[in-house]
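Each remark here refers to the structure printed beneath this line.
Convention: sequence-line order gives letters A, B, ...; per-chain numbering from 1. Scope of the values below: all heavy atoms of this structure, side chains included, with no hydrogens, waters or symmetry mates.
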Amino acid sequence: MAMFKFELVSPAKLLFSGEVDEVIVPGAEGEFTVLPMHTPVVSTLRPGILTVKAGGNVTRLYVRGGFAEVNEKGLTILAEDATAVEDVNMTEFAASVSAYEAKLAAAPSDEARFKMAETLFQLKAVQAQLGGGTHAAH
Amino acid sequence: MASLKELRNRIASVKATQKITKAMQMVAAAKLRRAQMAAEAARPYAERMDAILANIAGKVAGHAGAPALLGGTGKDDVHMLLVCTSERGLCGAFNSSIARLARDRANALLAQGKTVKIICVGRKGYDILRRQFAKNIVEVIDLRTVRTLGYVNAEEIAQKIVARYEAGEFDICTLFYSRFKSVIAQIPTAQQIIPPQLPEAKAEAAGTNTPVYEYEPEEDEILAELLPRNLATQVFRALLENAASEQGARMSAMDSATRNAGDMIKKQTITYNRTRQAIITKELIEIISGAEAL
């Protein structure tokens, strides 16, 4: 099966670089799957789960936001922060969600509030997904 | 001439100082390695960020709706200088060379009749700059409590700058930091970050041989998210370079301090021995002349 180059970088370091089969990216306007020979695209990311399939291995990572760029060389993701799903600390995550809720309540304008509400919704969706994921694993 | 006891004390104190400077040098060497690794690890992100930004900016630049963060306000009346220095001293000319560069720039701008505002990141730069520019300094960002420098810190600084920019407080923002070239060479650098100076040649080259991208969402929306993040990345890179430079500067400063202490000990030991011998000789003469007198 054809493979393509995938790089995941965060500001602090290069997290992953290698050949993969398939990557499911949580794009700002919906999830999309990148396969070899994908059309060039630049997209922003929403908080969500990034699924990487290489060989028979499936890795799931939580990303907080960032950018994805697909070109003829492969896929590059600039993530603000990426953690393997197993390593996400649910208590901390819940704390960050409630902190965000508090921030939303203090939003200065309607426009900002709308944007923040959207992000909060996405965060909650991830929380549910993560919660489900850990539950199924046990 | 100083007494023997005085000399002995002086030698002992220089030796103690030498021990301290030696230890500081070794600590700086260890920290330098870590800082260098961090700076290198951050490079891929910044490079790719630059590439994507150059790509999109090349497309949007011509349009009227280009975001202000990219195109600037069209004026250059108010300059913001973001001066990044360290929190601690004892690192040679590191802080003063950054501060000097910023001061020269500020003076040049003031001479042209522009308004200058300064944000200091790091206490040392503030200590130097406030003597002359106390009323120009609008904010001091203290990173003393930060143990390991993270992207979050840079993000906070970037958010503050963007907020000020959007409030129309300044037109052009320049970042001052020290580029880490090698352990013995740190180059104080000024880099304009708002509006960003894009690598033009690279953008053109990218335009010719890269395919047409699809954007999701629209270009300007991506750009609106990309630009603040790019700013944070630039600040982050400057902070990391600064951290590496600081340790490098401290290492060489402490190295020469250790060497100077060694020289001083040598000189004082010679004086000490001479004095000791002189005293012995004097005593001998006294004994001999006393014996002869009998």
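When each of Arg43(B), Glu225(B), Arg48(B) is scored by its heavy-atom pairs under 4.5 Å with chain A, the top score falls to Arg48(B).
Few gaps surround NZ on Lys5(A); more than 12 heavy atoms of other groups in view lie less than 6.0 Å from it. Enclosure of atom CZ in Arg105(B) is not indicated, since only 12 or fewer non-hydrogen atoms of other residues, nucleotides or ligands lie within 6.0 angstrom.
Put simply, OH on Tyr45(B) and CG on Leu8(A) are 10.5 Å apart, with the number rounded to the nearest 0.5 Å.
When all heavy atoms of Val42(A) and Ile222(B) are compared, the pair lying nearest together is O-CD1, 3.4 Å. Shortest non-hydrogen contact noted between Pro11(A) and Tyr151(B) is CB-CD1, 3.2 Å.
At a 4.5 Å heavy-atom cutoff, the contact between Leu226(B) and chain A is made by backbone and side-chain atoms alike. Within the 4.5 angstrom heavy-atom criterion, atoms from both the backbone and the side chain of Thr44(A) approach chain B. For Ala79(A), the part lying near chain B is the backbone, with the side chain staying farther off; criterion is any non-hydrogen pair under 4.5 Å. Contacts between Ser17(A) and chain B at a heavy-atom distance below 4.5 Å are absent for every atom of the residue. For Met49(B), the parts sitting under 4.5 Å from any heavy atom of chain A are the backbone and the side chain alike.
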In sequence, state the C-alpha distance, the side-chain angles, and the governing distance for Glu80(A) and Arg229(B), and then conclude on salt bridge (Lys or Arg N to Asp or Glu O under 4.0 Å). CA-CA 9 Å; Glu80(A) 254 176 32; Arg229(B) 217 162 281 182; 3.1 Å; yes

Start with the C-alpha distance between Val41(A) and Tyr215(B), add both sets of side-chain angles, then the distance that settles side chain to side chain contact (heavy atoms under 4.5 Å, CB included), and finish with yes or no. CA-CA 6 Å; Val41(A) 64; Tyr215(B) 292 98; over 6 Å; no

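Checked for salt-bridge contact, Glu40(B) and Lys13(A) miss the test: no charged N lies under 4.0 Å from a carboxylate O.
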